[in-house]
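Worksheet: one structure, shown below.
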Amino acid sequence: NVTLSTRHVIDLSQVLITTISYSSNRCLMRSSKAHIDRTPIICTELGKMILNLTNVIPQGMILFVPSYNIMDHLILEWKQTGLFEKLGKPVFVDEKSAQSQIVDQYKKSVFDGKGGLLISVCKGRASEGIDFTDDQARAVVVFGVPYPLVTDPSVCLKEQFNNEHPHLTNGNEWNTINAYRTVAQAVGRCIRHIKDYGSIILIDDRFERHVQYFPKWMQPSFQHFRTIDPVISMLPSFYEKMRERFPDPITLKHGHSLTMC
């Protein structure tokens, strides 16, 4: 087998990539159903992290979670605890039943200078095929690793097939590779051209141990932190440097005119 890999079009200083393993209250961050069931406080702890991030990340940011079930659970928990209303940006939830205009509404909010937080799922419509350029995604946050459902018959058959053929990647490894490929696809929403910049924040203790599954261009840039507190401190200076390096272009909104003297 031949694997081809190339460097990204951007300079690596244009992207800040971090992994977070614990909340500030020492809660292990992991998205598996078993862990969430054992540690219900994890939803509130994640909400506090997102709240802090919305206060330091400019314009648009996107949060990806592994499944619609987890997303629904998080939104319900955040609304019950009052965290949802405290988030520092307008929130747009790309629910399974949501209208296709939800992404357009999010982009319009960013364009109008209000910023926005788009919450979606890995493998959802926002994670693949939609372009989020410049202010539309100054940060992509991923909570959890989107492993396929072990109860899915197609997944079981693929695992069995691979395990029965030694020359193929074994079933467990195949699932892991595909889960991290999905994450890589989602975080790719952050950088869309040579002058783009942003931060990628990966929240789950497994990310630190599995850097090798990410694209090679990303791997040298990983910074691992126990909690999000140092990241919150780093972000303002990162964005300030990027804005100086890549000033915002002059954009005329509908109904406005520019007079040249």
Side chains of [X] and [Y]: do they bring a donor and an acceptor to under 3.5 Å?
| X | Y | value |
| --- | --- | --- |
| Y239 | E244 | no |
| Q14 | D196 | no |
| S13 | R245 | yes |
| S21 | D205 | no |
| S31 | R206 | yes |

Minimum heavy-atom separation for [X] to [Y], with atom names?
| X | Y | answer |
| --- | --- | --- |
| V183 | G144 | CG2-O, 4.5 Å |
| R138 | P58 | CB-O, 3.5 Å |
| P236 | S233 | CD-O, 3.6 Å |
| R209 | Q212 | O-OE1, 3.3 Å |
| M29 | F143 | CE-CE1, 4.1 Å |
| D229 | S24 | OD1-OG, 2.9 Å |

In sequence, state the C-alpha distance, the side-chain angles, and the governing distance for M234 and F225, and then conclude on side-chain contact (heavy atoms from CB on, under 4.5 Å). CA-CA 12 Å; M234 293 166 58; F225 297 94; 3.5 Å; yes
Taking side chain as C-beta onward, heavy atoms only, is [X] less than 4.5 Å from [Y]?
| X | Y | value |
| --- | --- | --- |
| V15 | M218 | no |
| H224 | V211 | yes |
| C122 | P66 | no |
| C27 | T39 | yes |
| E45 | Y22 | no |
| F64 | V140 | yes |
| S199 | L235 | yes |
| L53 | I228 | yes |

CA sep, side-chain torsions, deciding dist, call: I62, L117, side-chain contact (heavy atoms from CB on, under 4.5 Å): CA-CA 6 Å; I62 306 174; L117 167 63; over 6 Å; no
Please determine whether side-chain contact (heavy atoms from CB on, under 4.5 Å) holds for the pair V145 and Y180, giving the CA-CA distance in whole Å, both sets of side-chain angles, and the decisive distance to 0.1 Å. CA-CA 7 Å; V145 184; Y180 281 88; 3.6 Å; yes
Tell me whether [X] contacts the main-chain N or O of [Y] through its side chain, where contact means a donor paired with an acceptor under 3.5 Å.
| X | Y | answer |
| --- | --- | --- |
| Y106 | M61 | yes |
| T182 | N178 | yes |
| K89 | Q59 | yes |
| T54 | G88 | yes |

Derivation and outcome, side-chain contact (heavy atoms from CB on, under 4.5 Å), residues V103 and F132: CA-CA 10 Å; V103 172; F132 294 94; 3.8 Å; yes
Distance-only check: which donor-acceptor pairs under 3.5 Å involve side-chain atoms of residues 79-87, not counting sequence neighbours?
unit_1	atom_1	unit_2	atom_2	d
T81	OG1	E77	O	3.0
T81	OG1	W78	O	3.3

Spatial distance of atom [atom1] ([X]) from atom [atom2] ([Y]) [nearest 0.5 Å]:
| X | Y | atom1 | atom2 | value |
| --- | --- | --- | --- | --- |
| I130 | K107 | CD1 | NZ | 6.5 Å |
| E208 | T19 | CD | OG1 | 5.0 Å |
| I201 | I232 | CD1 | CD1 | 7.0 Å |
| I36 | I41 | CD1 | CD1 | 13.5 Å |
| L16 | M242 | CG | CE | 9.5 Å |
| F111 | D104 | CZ | CG | 13.5 Å |

Between F222 and F214, does a ring pair (Phe, Tyr, Trp, His ring centres under 6.0 Å) hold up when you go through it step by step? CA-CA 10 Å; F222 270 80; F214 285 89; 5.1 Å; yes
So, using ring-ring contact (aromatic ring centres under 6.0 Å, His included) as the criterion, who are the partners of H35 when residues are at least two apart?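 In terms of ring-ring contact (aromatic ring centres under 6.0 Å, His included), with neighbours along the sequence ignored, H35 is linked to no residue.
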Cluster link I177 to F207, ILVMFWY, side chain under 4.5 Å: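 Same hydrophobic cluster.
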Side-chain polar contacts of residues 67-76 - donor-acceptor pairs under 3.5 angstrom, sequence neighbours left out - could you list them?
unit_1	atom_1	unit_2	atom_2	d
S67	OG	I70	N	3.2

